[in-house]
Amino acid sequence: MQDEYNVSAIQDKWLPIWDQIKPFDSGRKDDQRPKKYVLDMFPYPSGDLHMGHAEAYALGDVIARYWIQRGYNVMHPIGWDAFGLPAENAAIKRGLDPRGWTYENIAQQKTSMRRYACSFDWDRVLQTCDPIYYRWNQWLFLEFYKRGLAYRKNSNVNWCPSCQTVLANEQVVQGLCERCDSTVTKKALTQWYFKVTDYADRLLDDLNELEGNWPQKVITMQRNWIGRSFGANVKFQIEGRGEPVTVYTTRPDTLYGATFMVVAADSDLAAELAAEAGPDVRMKFASYLDEVKKSNDIERLSLERKKTGVFLERYGINPLSGERVPIWASDYVLADYGTGMIMAVPAHDERDMDFALEMDLPIRMVVDTGEENPEISKVATAGDGKLVNSGELDGLAKKEAIARAIEILEQRQMGERSKNFRLRDWLISRQRYWGTPIPIIHCDACGEVPVPTEQLPVELPDSDGLDLQPKGSSPLGAASDWVNVSCPKCGSAAKRDSDTMDTFVDSSWYFLRYLNPNSETEAFNLDQAKQWAPVDQYVGGVTHAILHLLYSRFFTKVLHDMGMVDFQEPFTRLLNQGMVLMNGSAMSKSRGNLVRLSEQLDEHGVDAIRLTMAFAGPPEDDIDWADVSPAASAKFLARAWRIAHDVQSTTAAEVESGDRAVRSVTHAFLKDFTDAIEGFKFNVGVAKCMELTNVLRKAIDTGCGPADPAVREGAEELAKGLSLFAPYTAEDMWQQLGFEPSVAQAGFREVDESLLVKDTLTAVVQVDGKLRDKFEVSTGISEEELRALALGSAAVARAMDGKEAKNIIVRAPKLVNISTK
RNA sequence: GCCCCGAUAGCCCAAUGGCAGAGGCAGGCGACUUAAAAUCGCCACAGUGUGGGUUCGAGUCCCACUCGGGGCACCA
C-alpha cells in the first residue's frame, strides 16, 4: 500500500482488477436488484474521443454509478453509430476502405473509454455497421413496408450538391446541409420514405407525458417541428374546370376577405391551371417557374425579398360569398404543405398583404380588431375582433366565426374541419455506400419485391473495386455481381435497390438492441424489453433535439403497434449536457483553440478530468475550459485520498461511539449529496464532497483525531460519494480503509435522522426585514419565548428607534421580524 | 418579428419566500522548510442587470425594460 497519492499508479492498478470482478455486469440471471437503464448517446467513430465525449460520458457515468451505489442493477451499455458519411468521406480522401477505417477508430475509442473508467457493461457492445446489427434494420424496414409505413414516391427533395445525396427535412438547417454547410438545392427524385406523418398526432400529444422529465427546450423544439394547426379545407369552384380545388386555411372566418388565390408555382395544379390559360400566360408562367426552380431555399426565405408571381388569368368562386377571385401562381406558397394552394386574405395575413401590395390587388377588412383598418394602414391584423363585411358571419367574434364558417361549409358540402402538420415524411434513402442496403429488389414484371426475410442480411459488397466518389447515384449500382439478382417472385432478371438507409434509422432503435446485441434470431428479445426498457435515463447533447429523438420516438410507437414493446416513449428522462468550449467558442483546429483530451488525461489524470467536468457547473451549461482548473481537481482528489490514508481506526470500529459533530456532518452530507445528484446538480454534489473533506481534515488535525470512528465513517462515505466522479481515487481510498473492491457497489449508509437534529441553532431578529440581532436558542423554543427574547434585545430596541411595532412575525425557532411601518 | 432560458464577489458557480456564500479558481497573509515545492491554517472582496409591484420579509413571486445565449421564422 502506497503512502502517497499517485495518479498513474492507481490508474494502472485498478483497471485489470475491475476487468476481473466486473462490477458493472448487468447480465446476471439471478440478480435480485431492481433495474435501471441508463444510456449515453453512442458515439460516431470519427477518430479518438474528444473533450465533448469526456464531458458527456463523465456525466452519464455519475448517474449510472449513483444508481449502482443505491443498490440498483444498472444497465449502462455503449456501442458505435458506425455507418455514415464521415467514414466514407475520410476513406475516399485517404484511399482506404471505410470498413477498416471505422473499425480502427472504434478500437481506439474503446481503449480510451476503458481508460476513462466508464461503468459500461462491456458484454453488450454493438456496432451498427456489423451485418448482425443492420440485418435488423432491414428486417424492420420490411415490417414497416408491410404496414405501409415505408414507401417510395417521386417528389422535389433536398439535395446536397457537395455530399451528392438527398437529405431529410430535418437535416437541412437554414437552407444549408447539416453536415457540410453547402446550400441545399431541390431535385425531383424517387426516394424511400417512412410515414412519420401517420404518427404526427401521437408524437405531438405524447410530449405531454415527457413534461418535467425532458428539458423544456427539447419538448418545445419538437412541438414546433411537428407544427400542428387546426383549420378547414375549403372547396373553390374554378371557372372552366370540372373539379373544384381545395385550399387549407386556419382562418375560415376570413373567407369574405379572400380577394385572390395563390397556387404554389412548382405544383402540378399550377402547371395544369396555366396550361389551360392563354398562350401569353403559358409563356409567362413557364419563365417564372424556371426562375423559381433556380432559386434555393436561402433566397426564397430571405425576408427582404419581394414577393413575385404570375397571374394565371383563371378565377375561383368563393363558396361563401359567391365572389369571383383571381388566381395567381407564386413561390411563397409551398407545394407540399396543405393542398399547395391558398385563399389569400391580405387584410389579415402579412404574407398575403405583401403580395397584394406588390401586385396591386384589393384588400378587404373583414375582422375589426380595433386597430387601424388594414385597407388604409396596409398592415395586416391577425388578432381577435368582430366580423364585418361578412354576410352571415357579421357580428361574431373570431372564434365563433371560425366555427360558424365551418358549419356553413359543411352544410353546403363545400368544406370541412381539418388539420395540418409542418412535419413531413422522413426521407430515408441515401445515394452513398457506407450504410444499410435497402432490402428491396426491383423487377420489371413484379415491381418492388421485398427480399425474403430468410435471405437477410443483404450484406454490403466489398468496397474493393467500387468507386465511392459521390456522383449522385449510389456506388452500389456499379457492383454488378451484387446488384443483379433474380426476382424472388418470378425468377426473372432483376436489380437490387442500390440506395442505403439514412443512419438515423440505425440509431432509432439501438437502445433495444443492447438487450441482446448478438442475437441472430431476433432484433431484440421481447421479455428482455419488458424487463429493461424503456430507458430510464438518457444522456446526450441537445444537437439531437429533433432528429434522433423524434425518429426514436416514432420507431418506438411503431414497435408498440407491432406488439413488440409495451411502452410508447423510449426515453423516460432526458439530460442534455452542454458543450466544452475554449475561450468562449467551440474548439477546433482551425481556430487554434483545440484542447486535446489525451493530453489533459496525461497531465492531470482521468479522475481529475472527470471531476472537473462534473464540478464546472450545471450539466446543461457549456463548460469553458479556460474557466476551470483540472489541476485544482487533482489537488482536491489528493486531499481526499489523504483523509482515507490518515484514518487510524479499523473496519471493526463502532461508529456509534464516534464524535457526534463529525457524524452529524457525515449524515447531513449523505442527505444533501443524494438530493444534489438526483436533481442533476453534480457541481453541488462535488462541493458537498469538498465540504465533508474539509471537515474531516480539521477533525483529524485539530479535532477528535484520526482514530475516532466518526472520521472513518466520514471517510467511507466520502469514498463512496467520490466514486461517482473519481473511480480510481475512490477505489484506492476504499482499499486504504481496509475494504475489498469495488467501492462502486459499496452502497451508501442509511441517513440517521437523529444525527441531523440539532439542540440549538441561531435565531435571527429582523426589523423591517433587516437583520438586527441574533442569538443561540434551543430548537424547541416556543413562539412566545422567542418573541420575548427579540423584544428584550438592546440591538433591536436601537434599530426600532422608539417606533412602535406594528406587526411581529415569529417563525420559531429561526426568525422574528418586527415591522414598524 | 415571435417563443424560451439566463444575469449573484475579479472569475466559475451555491442559496425549500426568512442571516446573500456551500464549494472552487485567481489574490493576500501566516505556519512548516536552510530554501522552494507540496501541505496546513487564516483573510479580503458583491447586496444579487435596471425600474416598478406583491409581501411582515424578495436573489427567489408578478409586470416592464436592458444585455447575453438558444430555438422558430413565408407551413396559410
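Residue numbers begin at 1 in each chain, while the letters A, B, ... track the order of the sequences.
- No donor-acceptor pair under 3.5 Å is formed between the side chain of Thr693(A) and the backbone N or O of Ala640(A).
- Under 4.0 angstrom from either OP1 or OP2 of C56(B) there lies no side-chain N or O belonging to Arg787(A).
- Residue contacts for Asn694(A): at a heavy-atom cut-off of 4.0 Å it reaches the sugar-phosphate backbone alone, with no base atom in range.
- Of the candidate nucleotides A14(B), A22(B), C40(B), A22(B) has the atom nearest to the side chain of Ala687(A).
- Of all nucleotides present, none satisfies the Watson-Crick or G-U wobble test against A44(B) with each distance under 3.5 Å.
- Considering only side-chain atoms of Asn807(A), the nucleotide from C56(B), A14(B), A22(B) that sits closest is C56(B).
- Considering only side-chain atoms of Arg642(A), the nucleotide from A14(B), G71(B), C40(B) that sits closest is C40(B).
- If you take CZ of Arg772(A) and C1' of G57(B), they are 13 Å apart, rounded to a whole angstrom.
- Across every non-hydrogen atom of Val662(A) and Cys704(A), the tightest pair is CG2-SG, 4.1 Å.
- Here C74(B) sits opposite no nucleotide as a Watson-Crick or G-U wobble pair (both hydrogen-bonding atom distances under 3.5 Å).
- A side-chain N or O of Ser633(A) and one of Thr612(A) form a donor-acceptor pair less than 3.5 Å apart.
- Across A76(B), C25(B), A22(B), the shortest atom-to-atom separation from the side chain of Thr249(A) is found for A76(B).
- Here Arg639(A) pairs with Asn694(A) under the side-chain hydrogen bond (donor to acceptor under 3.5 Å, both in side chains) rule; sequence neighbours left out.
- Between Tyr337(A) and the phosphate of A76(B), there is a side-chain N or O to OP1/OP2 separation shorter than 4.0 Å.
- Listed pair Lys698(A) / C42(B) meets the phosphate criterion, a side-chain N or O lying under 4.0 Å from OP1 or OP2.
- Across all strands shown, A20(B) remains unpaired; no Watson-Crick or G-U wobble contact has both distances below 3.5 Å.
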When you compare the protein's N or O atoms with those of nucleotides 16-20 of chain B, which come within less than 3.5 Å of each other, and at what distance?
residue, atom, partner, partner atom, Å
G18(B), O6, Arg811(A), NE, 3.3
G18(B), N2, Gln766(A), OE1, 3.3
G18(B), N2, Asn817(A), ND2, 3.2
C19(B), O2, Lys774(A), NZ, 2.7

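- For the residue pair Asn318(A) and Tyr256(A), no side-chain donor N or O sits within less than 3.5 Å of a side-chain acceptor on the partner.
- Phosphate proximity of G71(B) to Arg223(A): absent, as no side-chain N or O sits under 4.0 Å from OP1 or OP2.
- Ring centroids of Phe615(A) and Phe636(A) are separated by 6.0 Å or more, keeping the two rings apart.
- A sub-4.0 Å separation between OP1 or OP2 of C12(B) and a side-chain N or O of Ser629(A) is absent.
- The aromatic rings of Trp641(A) and His645(A) lie parallel to each other, their planes meeting at an angle below 30°, with 60° marking the opposite boundary.
- Here Phe615(A) lies in heavy-atom contact (under 4.0 Å) with a base.
- Base pairing annotation: A37(B) forms no Watson-Crick or G-U wobble pair, as no partner gives both donor-acceptor distances under 3.5 Å.
- Dashed line: the shortest gap from a side-chain N or O of Asn683(A) to OP1 or OP2 of A14(B) is under 4.0 Å.
- Shown here, G49(B) forms a base pair with C65(B); the pair counts as Watson-Crick or G-U wobble because both key distances fall under 3.5 Å.
- Using cut-offs of 30° and 60° on the angle between ring planes, the pair Tyr248(A) and Tyr337(A) is perpendicular.
- Residue Thr220(A) is classed as having no contact, given no heavy-atom separation below 4.0 Å to the nucleic acid.
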